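Notes for the one structure printed next.
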Amino acid sequence: MIPLKFIRQNQETVRRGMQSKGVAENRLDELLDLDTKVRKKISLVENLKARRNQASQEIGQLKQAGKTAEREIAAMGDLSQQIKALDQEIHQLQEQIQQHLLWVPNLPHPLAPIGPDPSHNRVLRTVGEAVQPAFEARDHLDLLTLLGLVDFEAGARIAGRGFPLYTDRGALLERALINFMLDLHTRERGYTEIYPPFMATRQTTLMTGQLPKLEDDMYITDSDDMFLIPTAEVPLTGIHQDQILLENNLPRKYVAFSACFRREAGSYGKETRGLLRIHQFNKVELVKLVHPAASYDELETLRDDAEEVLRRLSLVYRVVELCTGDLSFAATKCYDLEVYAPVADQWLEVSSCSNFEAFQARRGNIRFRRKDTGKLDHVHTLNGSGVATPRLLAALLETCQQPDGSVTLPEALVPYYGEEELILP
RNA sequence: GGAGGAGUGGCUGAGUGGUCGAAAGCGGCGGUCUUGAAAACCGUUGACCGGUAUCCCCGGUCCGGGGGUUCGAAUCCCUCCUCCUCCGCCA
């Protein structure tokens, strides 16, 4: 949420920000128009209310003194009706304003690369060397099948396309990956582990910015208006909704494993092979609530925490800074981590690390008390995947495969999986 | 699912139609004292919106959310939500 006052006073800045994110601006004009209208009415009704308050007080004094106030009371009836009517109009206008406000995206950081689409993203660095195997290698789907790790047909029978069913060693390997990542972030990186609800209310989903824009991309329950979480970002950021934190308790760092549910409406046919784009997947998510002055430093360490997963697994990856047009609705700045899948010769996004500044905190009313001034202020929120499993698994299998199709696991994973390699069944 | 009880400021908690944005305590902030700290004492301390207005000033709104009654609502009525207790059912 961008504060209405800021929008009013910085119209051109907001307009440029919306343009660079590729968001239609017609709502902005309507918004400003409604704002002017409603403020006129507000000042009108506030004057009336001031009169009413004064008169009511006088009536109270008369009654207290044991006198009658019939004449005064009779004079008030009309005023009250006017106020009621105006209040209703104002209420309606403000509801409209609120709706428009929810569609104003966060503004990109001034130094974010400007551009309309991913081709303008900036590759900051590549870790490791992107080389293809010397032998005739299999891609991740062939390896999954060969090793018997995932049964796509069974998943489809149960829930339809895009719901993989991990079997036996595949299930174990998935669990090993999740445990490895959780332990890394909790034991070495100072995150507090959370096991959150996998559903969230409309309000919570609105807070993180998934709504209203991405409603079509989410699974929703008709009878309760609940949303299956598309990422644990939603519940984790929601933990402190409507709360006031102590400055001493910042930053708060949370990590959670969750299943993530995405309808992926409109992306059929893109990257659909194997595990690359599915409706339900597992992810370990990092969320931080931080002091505003620290949020950009915290973004760097968050990114590093996510990168550490890939480093420990000895995978080749690159760090990409997103351009304005590719930034999500709520983000000001974002790094994607893309892991290299050598057989597909593709860079697969496994993590997005974003700073939302106060955008989500304003929507969720998450504040802290400043030590220096004693005043309240909104925290800054950040999140990043640390990381999502399906593409990680795809890259891992392709990278670590041997000529016969067996896979030698990275050392870091061995204690979790219990064996050093996946041999052919 | 059924029956009760409760939701008040950062926290605990008083307040059942009028000068109540709300007692008191805790906490926070400032000060006195102290080598320093603690304790004690003194003072201070709600949020949000608007008024060309980051501080002062003026007005308005806010006592779980929404609606209603009234000249006037924290207080009365309706409704929804959440929490607690008991009963039933179920993992």
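These values consider heavy atoms only, across backbone and side chains, with no hydrogens, waters or symmetry-generated copies. Treat the numbers as computed from the prediction; the structure is a model and nothing was measured. So that the names make sense, note that chain A is the first sequence line, chain B the second, and so on, each numbered from 1.
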Which nucleotide wins on minimum distance to the side chain of [X], given the candidates [options]?
{"X": "A:K84", "options": "B:G10, B:U69, B:G18", "value": "B:U69"}
{"X": "A:S56", "options": "B:G67, B:C71, B:G59", "value": "B:C71"}
{"X": "A:Q88", "options": "B:G10, B:G59, B:G68", "value": "B:G68"}
{"X": "A:H91", "options": "B:G67, B:U19, B:A47", "value": "B:G67"}

Only pairs with both distances under 3.5 Å count, Watson-Crick or wobble alike; so what is the partner of [N] in this structure?
{"N": "B:G30", "result": "B:C42"}
{"N": "B:U35", "result": "none"}
{"N": "B:C86", "result": "B:G2"}
{"N": "B:U16", "result": "none"}
{"N": "B:C76", "result": "B:G68"}
{"N": "B:C48", "result": "B:G60"}

Hey, does [X] reach any base, or is it just sugar-phosphate, or nothing, if we go heavy atoms under 4.0 Å?
{"X": "A:R370", "value": "nothing"}
{"X": "A:L246", "value": "nothing"}
{"X": "A:A55", "value": "nothing"}
{"X": "A:K375", "value": "sugar-phosphate"}

Is [X] near enough to [N] that one of its side-chain N or O atoms lies under 4.0 angstrom from OP1 or OP2?
{"X": "A:R8", "N": "B:G50", "value": "yes"}
{"X": "A:N53", "N": "B:U19", "value": "no"}
{"X": "A:S43", "N": "B:G59", "value": "no"}
{"X": "A:R52", "N": "B:U61", "value": "yes"}
{"X": "A:R39", "N": "B:G51", "value": "yes"}

Test item: side-chain donor near acceptor, [X] and [Y], under 3.5 Å:
{"X": "A:T204", "Y": "A:Q241", "answer": "yes"}
{"X": "A:Q210", "Y": "A:T208", "answer": "yes"}
{"X": "A:Y296", "Y": "A:E357", "answer": "yes"}

How close or far is atom [atom2] of [N] from atom [atom1] of [X], stated in whole angstroms?
{"X": "A:D87", "N": "B:G60", "atom1": "CG", "atom2": "P", "value": "13 Å"}
{"X": "A:Q61", "N": "B:U19", "atom1": "CD", "atom2": "C1'", "value": "7 Å"}
{"X": "A:K41", "N": "B:G60", "atom1": "NZ", "atom2": "C1'", "value": "17 Å"}
{"X": "A:L62", "N": "B:U19", "atom1": "CG", "atom2": "P", "value": "14 Å"}
{"X": "A:Q57", "N": "B:G60", "atom1": "CD", "atom2": "P", "value": "10 Å"}
{"X": "A:F368", "N": "B:A47", "atom1": "CZ", "atom2": "C1'", "value": "16 Å"}
{"X": "A:D242", "N": "B:C83", "atom1": "CG", "atom2": "P", "value": "15 Å"}
{"X": "A:R51", "N": "B:C58", "atom1": "CZ", "atom2": "P", "value": "21 Å"}

For A:F329, is the NZ or CZ atom of A:K213 found under 6.0 angstrom from the centre of its six-membered ring and inside 45 degrees of the ring axis?
no
What interatomic distance, in whole Å, is found between [atom1] of [M] and the corresponding atom of [N]?
{"N": "B:A73", "M": "B:G67", "atom1": "P", "answer": "14 Å"}
{"N": "B:U16", "M": "B:A74", "atom1": "P", "answer": "13 Å"}
{"N": "B:U70", "M": "B:C76", "atom1": "C1'", "answer": "10 Å"}
{"N": "B:G1", "M": "B:G59", "atom1": "P", "answer": "49 Å"}
{"N": "B:G25", "M": "B:A40", "atom1": "P", "answer": "13 Å"}
{"N": "B:A24", "M": "B:G18", "atom1": "C1'", "answer": "23 Å"}
{"N": "B:C80", "M": "B:G4", "atom1": "P", "answer": "15 Å"}
{"N": "B:C49", "M": "B:C55", "atom1": "P", "answer": "12 Å"}

Let me know, please, whether A:L4 or A:M76 comes out on the 5' side of the other along RNA chain B by nearest nucleotide.
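Closest to the 5' end, via its nearest nucleotide, is A:L4.
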Which comes earlier along RNA chain B counting from the 5' end, the contact point of A:Q9 or that of A:I59, where each point is its nearest nucleotide?
A:Q9
Residue pair A:S295, A:N355: steps toward the side-chain hydrogen bond (donor to acceptor under 3.5 Å, both in side chains) verdict
CA-CA 7 Å; A:S295 69; A:N355 188 356; 3.0 Å; yes
Reported OG1-to-NZ distance for the pair A:T36 and A:K41, which is rounded to 0.5 angstrom
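Going from OG1 on A:T36 over to NZ on A:K41, the span is 12.5 Å.
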When the aromatic ring centroids of A:H240 and A:Y254 are compared, is their separation below 6.0 Å?
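Yes: the rings meet the under 6.0 Å criterion.
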Pair A:D326, A:K21 - check salt bridge (Lys or Arg N to Asp or Glu O under 4.0 Å), show working.
CA-CA 7 Å; A:D326 208 20; A:K21 271 200 172 180; over 6 Å; no
Is the base of B:G50 touched by the side chain of A:E46 through a donor-acceptor pair closer than 3.5 angstrom?
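Such a pair does not exist between side chain and base.
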